[in-house]
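Single-structure report; data block below.
One-based numbering along the sequence shown.
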Amino acid sequence: RTCRDTYCHGPADAVWTSPRDSAKACGSCHGLPPKAPHPASSRCSACHGRVVDDARHIIAPELHVDGVVEYTPSGCTTCHGHGDDPAPPVDTHGNDASTAPGVGAHQAHLTQNAVGRPLACEECHVVPAAVDAPGHVDGTVQVVLSSVATSGGHDAAQFDPATRTCTDTWCHGAASMGHAASPDWTSPSPLACDSCHGDPPPSPHPQMTECAKCHGAVVAGDGASIKDPSKHVDGNVDVAVPEDCTACHGGVNPAPPLDTVGHTETTASGVGAHQTHVLGTARSRAVPCDECHVVPKKVLDPGHIDSPRPAEVRFTGAATAFGADPVYAAPTCRQTPCHGAVFPDGNASGGSNTAPTWTKVDGTQAACGACHGLPPPPPHPYVELNPVCSKCHGDINPDNATFSHPELHVDGRITFDVP
């Protein structure tokens with residue numbers, strides 16, 4: 001009492017004596033949806049809208065089980081997308097929430113936004129020439145990352161459906177940029193500057209966050225917004241490294257102020273007493289930059305901006321005179337002959353402040369008597385009343401307070417002329 005292998009009841013057997021309702025319920029004759037190569041979608045009305053409505057009610061019984069499949073797709077948006085946009089939402093199952101895998105971050109990728117250009121559909125998956133193209137409607141989206149995703153040698157870029165993330169893609173940063181995987185495809189959270197690459201990326205990228213100084217064509221001066229989204233995440237790194245030192249620090253000369261984070265006050269460690277040292281004073285010579293730290297020949301030389309701030313202090317020249325082994329322990333210089341912590345022949349200098357504070361620039365740190373006594377203690381000759389330094393030190397004027405040759409003072413040598 002059954003019909004077998006009939007078009008009317010599909011591949012299933014229909015029992016002749018079964019009640020009408022049970023014999024002809026949706027799914028009794030064909031799957032919901034039917035097996036591949038039928039599209040893996042249960043939205044029957046998308047393609048069979050003349051026969052069934054969105055609630056899967058038969059609205060034209062005369063067109064159902066009549067030997068003809070009423071199939072009227074009207075383009076990509078018949079099954080997914082909306083309006084003229086074929087990208088979800090909605091997905092092929094009718095979902096419109098970004099937490100659904102079929103929806104996810106489609107619109108975030110395909111729409112021009114504040115941080116990036118719109119992507120073309122074929123950059124992430126196969127776009128068929130026709131609805132019935134092989135592999136299109138088999139229930140599995142064929143994700144094939146190409147174009148920007150594989151830029152920079154990231155040929156292994158791929159999407160992991162289990163974790164819903166892309167791995168080793170240029171778009172969302174790879175391990176070399178501080179990130180091994182992309183954000184979750186179904187996460188609605190907006191991306192921050194450090195979502196795809198470090199802020200800044202790890203070395204050898206310069207360890208500074210003033211992005212616009214090298215990426216000014218893309219990043220706005222505030223460093224927090226993208227000036228030209230069309231040049232961001234496009235497979236190219238728009239970089240123009242300035243070779244002028246004052247592009248990152250300094251003003252009238254390469255020494256701060258400004259420091260690399262924009263400070264101008266001497267109480268900031270990046271500023272401190274830079275200008276006092278670099279310009280010199282009426283009592284001391286101008287100190288070359290390379291006596292306190294490495295001066296690179298080029299901006300991207302190793303050891304310059306490829307490590308976190310602050311700058312590495314490396315003393316040379318006058319700072320190492322008389323066998324000194326000076327160190328900078330923020331915010332002071334210690335064991336430097338420049339400020340009298342080390343004196344010729346290991347003698348005491350008698351200075352009142354031989355470890356000055358770098359960020360205290362009020363004239364008191366290098367006042368007469370701060371680096372050595374007036375006069376220094378024995379074995380330096382002692383003149384009890386009104387010592388006249390100029391008698392032995394020709395770089396000092398007879399007034400015992402000003403210098404005729406400040407360039408000879410604090411230079412790592414003793415200007416000593418015994419009368």
Short question: side chain of Trp358, backbone of Ala330 - any donor-acceptor pair under 3.5 Å? no
Mark yes or no for whether Thr264, through its side chain, and Pro257, through its backbone, hold a donor-acceptor pair below 3.5 Å. no
Here the gap from Phe159 atom CZ to Thr167 atom OG1, rounded to the nearest 0.5 Å, amounts to 10.0 Å
Would you please test His106 and Trp185 for ring pair (Phe, Tyr, Trp, His ring centres under 6.0 Å) and show each step? CA-CA 9 Å; His106 267 107; Trp185 169 255; 5.1 Å; yes
Check step by step if side chain to side chain contact (heavy atoms under 4.5 Å, CB included) holds for Leu32 and Cys44. CA-CA 9 Å; Leu32 286 174; Cys44 309; 4.3 Å; yes
Can you find a heavy atom in the side chain of Leu300 that is under 4.5 Å from one in the side chain of Val241? yes
I'd like to know if the side chain of Glu407 reaches the main chain of Ala286, judged simply by a donor and an acceptor atom lying under 3.5 Å from each other, with no hydrogens or angles considered. no
Provide the closest heavy-atom pair for Val143 versus His125 in the form atom of the first, atom of the second, distance. CA-CB, 3.9 Å
Side-chain heavy atoms of Leu374 within contact of His372, under 4.5 Å: yes
If we ignore hydrogens and angles and just use 3.5 Å, is the side chain of Glu70 paired with the main-chain N or O of His64 as donor and acceptor? no
Minimum side-chain heavy-atom gap Val103-Val90 below 4.5 Å: no
Of Asp345, Asn347, Val342, which is the lone residue that meets side-chain contact (heavy atoms from CB on, under 4.5 Å) with Phe322? Val342
Check for a donor-acceptor pair, side chain of Ser352 on one end and backbone N or O of Gly369 on the other, with a separation under 3.5 Å. yes
Passes side chain to side chain contact (heavy atoms under 4.5 Å, CB included), Cys338 versus Phe315? Steps please. CA-CA 11 Å; Cys338 316; Phe315 290 111; over 6 Å; no
Minimum-distance pair of heavy atoms, taken over all atoms of Pro118 and Gln112: CD-OE1, 3.0 Å
So do the side chains of Pro88 and Asn95 get within less than 4.5 Å of each other, counting heavy atoms only? no
Does the pair Ser45 and Asp53 meet the rule for a side chain to side chain contact (heavy atoms under 4.5 Å, CB included), with working shown? CA-CA 5 Å; Ser45 61; Asp53 63 16; 5.6 Å; no
Nearest heavy-atom pair of Gly235 and Val148: which atoms, and what distance? N-CG1, 3.6 Å
Could you check Thr246 against Asp244 for side-chain hydrogen bond (donor to acceptor under 3.5 Å, both in side chains), going step by step and ending with a plain yes or no? CA-CA 5 Å; Thr246 57; Asp244 181 2; 2.9 Å; yes
Show your working on side chain to side chain contact (heavy atoms under 4.5 Å, CB included) between His293 and Glu312 and close with a plain yes or no. CA-CA 6 Å; His293 50 72; Glu312 298 90 343; over 6 Å; no
Are side-chain N/O atoms of Thr281 and Arg283 paired as donor and acceptor at under 3.5 Å? no
Between Cys389 and Asn400, which heavy-atom pair has the shortest distance, and what is it? SG-OD1, 2.8 Å
Asp238 CG to Cys214 SG distance, which is reported to the nearest 0.5 Å: 12.0 Å
Would you call the rings of His380 and His393 parallel, tilted or perpendicular, where under 30° means parallel and over 60° means perpendicular? parallel
Quick check on Asp54: does its CG atom have over 12 non-hydrogen neighbours (other residues, nucleotides or ligands) under 6.0 Å away? no
Are the side chain of Asp85 and the backbone of His82 linked by a donor-acceptor contact shorter than 3.5 Å? no
Can you confirm whether Arg309 is buried at CZ, in the sense that more than 12 heavy atoms of other residues, nucleotides or ligands lie under 6.0 Å from that atom? yes
Could you give the distance from CG (Asp399) to OG (Ser404), rounded to the nearest 0.5 Å? 9.5 Å
Nearest heavy-atom approach of Pro183 to Leu191 is CG-CD2, 3.4 Å
Output for pair (Thr332 OG1, Gln365 CD), nearest 0.5 Å, gives 10.0 Å
Do other residues, nucleotides or ligands put more than 12 heavy atoms under 6.0 Å from Asp325 CG? no
Side-chain contact test, heavy atoms from C-beta onward, threshold under 4.5 Å: evaluate it for Leu119 versus Arg117 and give yes or no. yes
Would you say Arg164 and Pro101 make side-chain contact, with heavy atoms under 4.5 Å? yes
Got a donor-acceptor contact below 3.5 angstrom from the Gln335 side chain to the Ala324 backbone? no
Taking atom NZ of Lys360 as the centre, report whether more than 12 heavy atoms of other residues, nucleotides or ligands fall under 6.0 Å from it. no
To the closest 0.5 Å, what do you measure between CD (Gln275) and OG1 (Thr266)? 11.0 Å
Any side-chain heavy atom of Phe343 within less than 4.5 Å of one from Thr354? no
Measure the spacing between CG of Leu145 and NE2 of His154 and express it to the nearest 0.5 Å. 12.5 Å
Looking at Pro229 and Ala114, what are the two nearest heavy atoms and their distance? CG-O, 3.7 Å
Using a 3.5 Å distance criterion without hydrogens, assess whether the side chain of Thr150 forms a donor-acceptor pair with backbone atoms of Ser147. yes
Is the shortest heavy-atom distance from the side chain of Glu210 to the side chain of Cys248 under 4.5 Å? no
Counting N and O atoms only, with roles assigned by atom type, does the side chain of His249 sit under 3.5 Å from a partner on the main chain of Pro254, one being a donor and the other an acceptor? yes
